[in-house]
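This report concerns only the one structure given below.
A, B, ... follow the sequence lines: proteins, then strands. Residue 1 opens every chain.
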Amino acid sequence: MSGAPQPVISNFIRSIIDADLASGKHNRIVTRFPPEPNGYLHIGHAKSICLNFGLAQDYHGKCNLRFDDTNPEKESEEYAQSIQDDVRWLGFQWDGEVHWASDYFEQLYQFAIELINKGLAYVDDLTPEQMREYRGTLTQAGKNSPNRERNVAENLDLFMRMKSGEFADGSMVLRAKIDMASPNMNMRDPAIYRIRRAHHIRTGDKWCIYPMYDYTHCISDALEGITHSLCTLEFEDHRPLYDWVLDNIVIPCHPRQYEFSRLELHYTITSKRKLLQLVNEKHVSGWDDPRMPTVSGMRRRGYTAEGIREFARRIGVSKSENIVDMAIMESAVRDDLESRAARVMAVINPLKVSLTNCDGAQAREADFHPNHPEFGKRLVPISKDIFIEAGDFAEVPPSGWKRLTLGGEVRLRHSYVMRCNEAVKDASGQVIELRCSIDHDTLGKSPEGRKVKGVIHWVACEYTLSAEFRLYEQLFTVPEPDADKEKSFLDFINPASLTVVQGWVESCVKDAAPETRYQFERLGYFCTDRREHQPGGKLVFNRTVTLRDSWTKE
RNA sequence: UGGGGAGUCGCCAAGUGGUAAGGCACUGGAUUUUGAUUCCAGCCUUCGUAGGUUCGAUCCCUACCUCCCCAGCCA
């Protein structure tokens, strides 16, 4: 993965772009990533980011970052900042300055006046309840509001007074005059402006009327010269409205909207609202909890930007509903980590072993990476007492067992072949210590006359460092926590999604900076915690993902 | 029952008239001082169903079935 670039996978959007470029409709493409700053970015956004920025890169076009900040009540500076951080961390840079829909509030207002003047928008003071009644249902046409035929002068006057703050919040809206009988609910005279006295993160208290998404998005796209406006499937039937607005104002650009299916991932959720709930109700430690499918959560867990981008490449882009296996994410991350993480040994569930013939045993130099000598080497010392993984010893081993057993031999990784002579037990029969001996003639070479099949990791008690290991599993116990009609997704939170253990690690990691990645051999990939790991002090490792394991599966 | 979409291997996903790419997962086997990596091999005679057109259909036509989205002054 870190080698040659991966081949591009075709999709319907690329086909459209290829055709648009070939026909001369466009010379270069302009896309945009348009988040609302009302939460942290998650894996679904990452897919969209990879699509929009990736397309711009591949086709030598441009991609804007534009905040869809039209609903001040839900938006915050913190979110806007985190979104920019996440996009950059993912490895993308937007064209020029960050754009904000709020930059266009004045122009949006003028276009609204244009619509009013054309008799295509009117002020309505129906209550929300009345509006709903007038809208009709999926199978029944709506009926015209009594205010629909208000004259232009009156509409203009009312709209200006809405802007100047004469009316109470929610008392009236500006509506597009389209068709109350349209089979498409979005075309039944949608509201395009509402009155809301809320402090806006960019414009402060300058405005008390705010434009709605459908009205704002298409105009923003047009003002920025977007060629391909990509969004998710649920906006498919908003497209007629997108086109209606641009067709009815004087604006020299009409971007085309294309919809792709949103990403769902097994064993997690990708609903901003529900992620917020997990944070607010403290089911997780925050937006960047390593169990969260947020960009910042995945980052903290140790996923790499390259791994996430590769994941996006592997899942592709289509219009069919999909729920992707977590295994695809994990394999993409492993593929990246395989070539970039140094190998070190750590023991997370220790069983003490005392070596009865350790005198004269030597330390050995070991590569930090089996296939990349440029990672360098470190010394792996041995001492009279060592820790091995409790799970690597079995008194009564299952068939096919290649690890340690009473009377058996095993290779200590980067060190000697060791034989287990005795298992010491406590009163309850639990094995609490092993007495073993090493074969002094096996350092850096195979033993004489016999084959030792197993290799286990270990640390020397005398030289090891204590560390905290945070082990993660899926946040939910079922593949589709959102799917149950009776139960809340909260009922499926996995109580074992986080396990914190104290263990031991080779001393060479002592001064590792935050966000340093290692493969602890045979255990998995780990990453020092961004927040709580202290180089030279308290060592905290987050398990990013386990290694592939062709033994421990049923 | 109105409108808009989607149905290709367990999960993704190309292909769209010329006889089913690829990835993940899975199963064998080789190499291995990580049961890792790497490497080789296998894995849908078939494209939601039923008809039709055609020398030939996943692709065109017809009917049907299933699933998703839409009735916010959210995005």
Round to a whole Å and report the spacing from [atom1] of [X] to [atom2] of [N].
{"X": "A:D336", "N": "B:U37", "atom1": "CG", "atom2": "P", "result": "15 Å"}
{"X": "A:E234", "N": "B:G3", "atom1": "CD", "atom2": "C1'", "result": "16 Å"}
{"X": "A:E264", "N": "B:A13", "atom1": "CD", "atom2": "P", "result": "12 Å"}
{"X": "A:R14", "N": "B:G15", "atom1": "CZ", "atom2": "P", "result": "12 Å"}
{"X": "A:M187", "N": "B:G2", "atom1": "CE", "atom2": "C1'", "result": "15 Å"}
{"X": "A:E236", "N": "B:G3", "atom1": "CD", "atom2": "P", "result": "15 Å"}
{"X": "A:N322", "N": "B:C9", "atom1": "CG", "atom2": "C1'", "result": "16 Å"}

Counting the benzene-type ring for Trp, do [X] and [Y] have ring centres under 6.0 Å apart?
{"X": "A:H45", "Y": "A:Y40", "result": "no"}
{"X": "A:F159", "Y": "A:Y122", "result": "no"}
{"X": "A:Y518", "Y": "A:Y525", "result": "no"}
{"X": "A:F260", "Y": "A:F12", "result": "no"}
{"X": "A:F469", "Y": "A:F541", "result": "yes"}
{"X": "A:F235", "Y": "A:Y213", "result": "yes"}
{"X": "A:H457", "Y": "A:F520", "result": "no"}

* Kindly say if A:R548 contacts the phosphate of B:U37, meaning a side-chain N or O under 4.0 Å from OP1 or OP2. =>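 For B:U37, OP1 or OP2 has a side-chain N or O of A:R548 closer than 4.0 Å.
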
* Residues A:R313, A:I9; criterion side-chain contact (heavy atoms from CB on, under 4.5 Å); working and verdict -> CA-CA 7 Å; A:R313 194 189 69 84; A:I9 297 168; 3.6 Å; yes

Tell me what [X] touches on the nucleic acid: a base, only sugar-phosphate, or nothing, going by heavy atoms under 4.0 Å.
{"X": "A:R413", "answer": "base"}
{"X": "A:R135", "answer": "sugar-phosphate"}
{"X": "A:K402", "answer": "base"}
{"X": "A:L337", "answer": "nothing"}
{"X": "A:H414", "answer": "base"}
{"X": "A:W458", "answer": "nothing"}
{"X": "A:Q140", "answer": "nothing"}

* To do: Determine if the base of B:G72 is syn or anti; take syn to mean the glycosidic torsion is within 90° of 0.
  =>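 That one's syn.
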
How far does the [atom1] atom of [N] sit from the matching atom of [M], given to the nearest Å?
{"N": "B:U46", "M": "B:U1", "atom1": "C1'", "result": "36 Å"}
{"N": "B:A36", "M": "B:G48", "atom1": "C1'", "result": "41 Å"}
{"N": "B:C9", "M": "B:C47", "atom1": "C1'", "result": "10 Å"}
{"N": "B:A71", "M": "B:U27", "atom1": "P", "result": "45 Å"}
{"N": "B:G17", "M": "B:G4", "atom1": "P", "result": "25 Å"}
{"N": "B:C43", "M": "B:A21", "atom1": "P", "result": "11 Å"}
{"N": "B:C44", "M": "B:A20", "atom1": "C1'", "result": "8 Å"}
{"N": "B:C39", "M": "B:C65", "atom1": "C1'", "result": "46 Å"}

* Near-parallel close stack of A:Y213 and B:A75 base (under 5.5 Å, under 30°) ->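 Whether judged by distance or by angle, A:Y213 falls short somewhere, so it does not stack on the base of B:A75.
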
* **Intermediate values then yes/no, ring-ring contact (aromatic ring centres under 6.0 Å, His included), A:Y416 and A:H440** => CA-CA 7 Å; A:Y416 298 90; A:H440 284 267; 5.8 Å; yes

* To the side chain of A:M131, which of B:U37, B:A25, B:C73 is closest? -> B:C73

* RNA chain B in dot-bracket, Watson-Crick or G-U pairs under 3.5 Å, [ ] crossing, | other strand? -> .(((((((.[[[..)..(...]]].(((((.......))))).....[[[[[..)....]]]]])))))).....

